[in-house]
Amino acid sequence: MSDDAVATDFVREKIRADNESGKYQSRVQTRFPPEPNGYLHIGHAKSICLNFGIAADFDGICKLRFDDTNPETEDQNFVDGIIEDLTWLGFDPDEVVYASDYFDQLYDWAVSLIERGLAYVDDQDAETISDQRGGFTTPGTNSPFRDRSVEENLTLFAGMRDGQFADGEKVLRAKIDMNHENMQMRDPVLYRIRREHHVRTGTDWIIFPTYDWAHGQSDAIEGVTHSICTLEFDSHRPLYDWCLEQLDLPFEAPEQTEFARLNLTHTVTSKRKLKQLVDDGVVDGWDDPRMPTIRGLRRRGYPASAVRSFMDHIGVAKTNSTHDIELLESFVRTELNATALRRMAVLRPLKVVITNWPEGQTDMREAINNPEDDSAGTRQVPFSGELWIEQDDFKLDPPPKYFRLTLGREVRLRAGYFITANDVVTNADGEVIEVHCTYDPETAGGQAPDGRKVKATIHWVSSETAVDASVNLYERLFTDSHPGSGDTDTFSSLNPNAREVVAAKLEPALGEVAPGEVVQFERLGYFAADLDDPSVFHRTVGLKDEWANIQKRQQNQGKQKGQQQKGQQKKKG
RNA sequence: UGGCCGAUAGUUCAGUUGGUAGAACGCCUGGUUUUGGUCCAGGAGGUCGAAGGUUCGAUCCCUUCUCGGCCAGCCA
């Protein structure tokens, strides 16, 4: 266990206490148990970091177990994808196992349950069983098949396995208590018949154990000590314990501990809803950079290490919580600030002509690759008399505190020269389509020999050597910070502008970026070259934008002033 | 409606064996800076869900209440 990073959450606290009391011989084993019916999302990452993190902290082991007990929705692609995502996140399971590996054992244990009069075969359909379960304040009623003889149950259960009954015709139920205050204990279903092809067992089995019968038993088979799951399984814990108690294990049974799942603002972390986004074509797929899936984040350029530090930071508790997605982004920025190479790219190009630049001449300017990391070195960037700059970096009528380019003002071109804007060319609509500037040859390298200062440094790309690229700019997937909260429909706040594709001009070095590499477009943000087509970039996250805050404040002040004036007018009237 | 779980800065979490509270992110101010980035320094922001009780003293212990989440699948 690492001494310095003493993570103190209630789960680790409990494990420490268990270890001190000698429970499980102070052994620690966890597991990450996804169902292979979808890809992993950021919520799973929390569970992964917790389970694998605990194993690492306590010198224990953590296996990846596929909870493949329901053949209906499960798929090999998801199995492969989950392993891939887990690996990318930086975790290496001690073993990859499957609940279906234990079908024989689970069956034998069910038989033993029947033999001891603790389970029975019920002939009723799902609806009837549901009706008989009763309500929160009303007791359930016993099934008419509850008191079948052991022999009959044994025969029927074998018949279920051997295909003598149709799907849904019979189930195996635990015989516990139809009056139990916990609904989970009212004779839960342990086995159902389902003639579906199973990813691993094919057609060998047509009866499948339910989660409740499979999960704790699988934990026990593997020697799991601490079975960590999310809050919604809280009410299953008595059943988890009951199932284990019937086994007469020669060792201490695993114990379930529940923690609060991760929610993030402006997105959803529910497999069902993510699937709907994919199925409805709202996004391009599970790996769309707008998706909070692991593959989505990867394509978007989130470093796995940033995801991990985020998880470390938010901790583990039982409080239902929704984390601000900005917090995640701040970890992404911190990581990328230290590692990403700086490059220049112009997203919304505006032409600049340097009128006093020697006709046809191209200069090579030296630019720093990463001011945070000297070892990243420098590169040469071509400079000429015709450049692209950002439309936002020139204003004919500059608002207060705007200190970028405007007529008559001098600014610095990053790694280039000081330029002064003298004139503009406008189109028929009066929009500026070209800015004419002069440069000061004395300012090569970015400093004026006479010591005069400029307030702004702007980025640029020389037009003749510019590389064209399509850049995807992403906004929040949902405009509502808590989609679906209250009575609102989750998808009603879907942001139709969550992706904007822009035709950008890049400096030549950006034509040689490796797939998946993340660079900083100076002054704009971090951008990831697409995994399949590196001429396409995805905005991972923008830089912090002080200018945007200034503008916001100015707007608010304007509003307040307007309101004050309105108020005064009212008083007068 | 019954049971279980939860409630501490804007947000998410720490914490106090009972002596009125900290961090991170966000926000604000200043400094540095060839990124309005980074970095550095500082600041604002909390009646610790509410009301009672025990106590010299309660955010912490007790009771009641309020609000939120979960549970009545042959999903997990």
Side-chain angles (χ1 to χ4, degrees), chain A residues 8-9 33-35 37 67-70 72-74 122 124-127 129-138 140 167-173 180-184 186 188-194 207-208 210-212 214-215 229-238 258 260 265 271-272 310 313-324 326-331 333-334 337-338 342 344 367-368 370-372 401-404 411-416 418 443 445-447 453-459 481 520-525 542-550 553:
Chain A
T8 53
D9 55 70
E35 187 190 8
N37 67 345
D67 232 337
D68 56 349
T69 55
N70 181 5
E72 267 179 4
T73 55
E74 296 161 7
D122 197 332
Q124 303 178 110
D125 61 23
E127 201 184 335
I129 289 176
S130 174
D131 289 345
Q132 286 175 355
R133 190 115 47 204
F136 293 133
T137 52
T138 51
D167 287 17
E169 198 180 328
K170 285 181 167 45
V171 290
L172 183 74
R173 290 227 260 166
H180 201 107
E181 65 179 17
N182 184 334
M183 303 296 289
Q184 308 299 334
R186 319 252 261 222
V189 169
L190 266 25
Y191 268 95
R192 69 288 212 195
I193 307 171
R194 210 155 270 190
I207 58 169
F208 293 92
T210 54
Y211 166 86
D212 288 304
H215 204 92
C229 64
T230 44
L231 247 28
E232 65 267 28
F233 291 101
D234 177 283
S235 62
H236 289 248
R237 180 153 26 101
E258 310 85 20
T265 56
K271 218 185 266 177
R272 208 196 84 239
F310 170 71
H313 185 265
I314 61 173
V316 180
K318 296 189 83 155
T319 321
N320 287 306
S321 55
T322 303
H323 290 263
D324 200 330
E326 276 187 38
L327 184 60
L328 210 207
E329 289 177 341
S330 81
F331 280 92
R333 283 196 197 98
T334 301
N337 176 54
R342 312 294 132 120
M344 290 197 283
I368 292 168
N370 185 352
E372 307 292 319
K401 292 193 176 165
Y402 182 87
F403 46 77
R404 278 113 96 147
V411 301
R412 172 167 40 230
L413 292 175
R414 166 127 255 214
F418 285 12
T443 57
Q447 301 281 6
K453 304 282 185 203
V454 288
K455 287 193 95 172
T457 301
I458 65 176
H459 59 95
S481 65
Q520 185 193 98
F521 289 178
E522 290 213 53
R523 303 208 304 133
L524 298 173
L543 256 25
K544 273 175 72 176
D545 189 350
E546 172 67 11
W547 174 234
N549 282 352
I550 292 172
R553 254 177 277 148

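Chain letters run A, B, ... following the sequence lines, proteins first and then strands; every chain starts at 1.
In this structure, A:Y402 reaches the bases: a heavy-atom distance under 4.0 Å links it to at least one base atom across the strands shown. Residue A:R404 is classed as a base contact, given a heavy-atom separation below 4.0 Å to a base. Base engagement by A:A415 is indicated by at least one non-hydrogen atom pair under 4.0 Å involving a base atom.
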Check: In dot-bracket form, how is RNA chain B paired, counting a Watson-Crick or G-U wobble pair only if both its distances are under 3.5 Å and using | for bases paired to another strand?
Finding: .((((((..((((.....[..)))).(((((.......))))).....(((((..]....))))))))))).....

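Not a single ring-ring contact (aromatic ring centres under 6.0 Å, His included) links A:H180 to another residue, sequence neighbours left out. When the side-chain hydrogen bond (donor to acceptor under 3.5 Å, both in side chains) test is applied to A:D125, the partners found at least two apart in sequence or on another chain are A:T128. Annotation: side-chain hydrogen bond (donor to acceptor under 3.5 Å, both in side chains) contacts of A:D167 (sequence neighbours excluded): A:R195. Residues forming a ring-ring contact (aromatic ring centres under 6.0 Å, His included) with A:F233 (at least two apart in sequence, or on another chain): A:Y211, A:H236. A:H459 pairs by the ring-ring contact (aromatic ring centres under 6.0 Å, His included) definition with nothing, not counting sequence neighbours. Take A:F208 and apply the ring-ring contact (aromatic ring centres under 6.0 Å, His included) test, not counting sequence neighbours, and it matches A:F103, A:H198. When the side-chain contact (heavy atoms from CB on, under 4.5 Å) test is applied to A:A456, the partners found at least two apart in sequence or on another chain are A:F403, A:R404, A:V411. By the salt bridge (charged side-chain N to carboxylate O under 4.0 Å, His left out) test, A:R333 pairs with no residue at all, sequence neighbours left out.
Comparing A:K318 and A:H323 along RNA chain B, the residue whose closest nucleotide (by nearest heavy atom) sits nearer the 5' end is A:K318. Between A:R342 and A:S330, the residue anchored nearer the 5' end of RNA chain B, judged by the nucleotide with its closest heavy atom, is A:S330.
With 3.5 Å as the limit, one finds a donor-acceptor pair spanning the side chains of A:N37 and A:E35.
Ion pairing of A:E546 with A:R553 is present here, as a side-chain N (NZ or NE/NH1/NH2) and a carboxylate O approach within less than 4.0 Å.
Computed from coordinates, the A:H313 NE2 to B:rU11 P distance equals 16 Å when rounded to whole Å.
By the rule that a glycosidic angle within 90° of 0 means syn, B:rG73 counts as syn.
By the 30° and 60° cut-offs, the orientation of the rings of A:H313 relative to A:F331 is tilted.
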With 3.5 Å as the limit, what N/O pairs link the protein to nucleotides 27-33 of chain B?
residue: B:rC27; atom: OP1; partner: A:N549; partner atom: ND2; Å: 3.1
residue: B:rC28; atom: OP1; partner: A:R553; partner atom: NE; Å: 2.8
residue: B:rC28; atom: OP1; partner: A:R553; partner atom: NH2; Å: 2.8

Margin query: Generate the contact string for nucleotides 68-76 of chain B. Rules: B means base contact, S means sugar-phosphate contact only, - means no protein heavy atom under 4.0 Å.
Written below: -SSBBSBSB

Check: Going 5' to 3' along nucleotides 39-44 of chain B, which nucleotides have protein heavy atoms under 4.0 Å from the base (write B), which only from the sugar-phosphate (write S), and which from neither (write -)?
Finding: ------

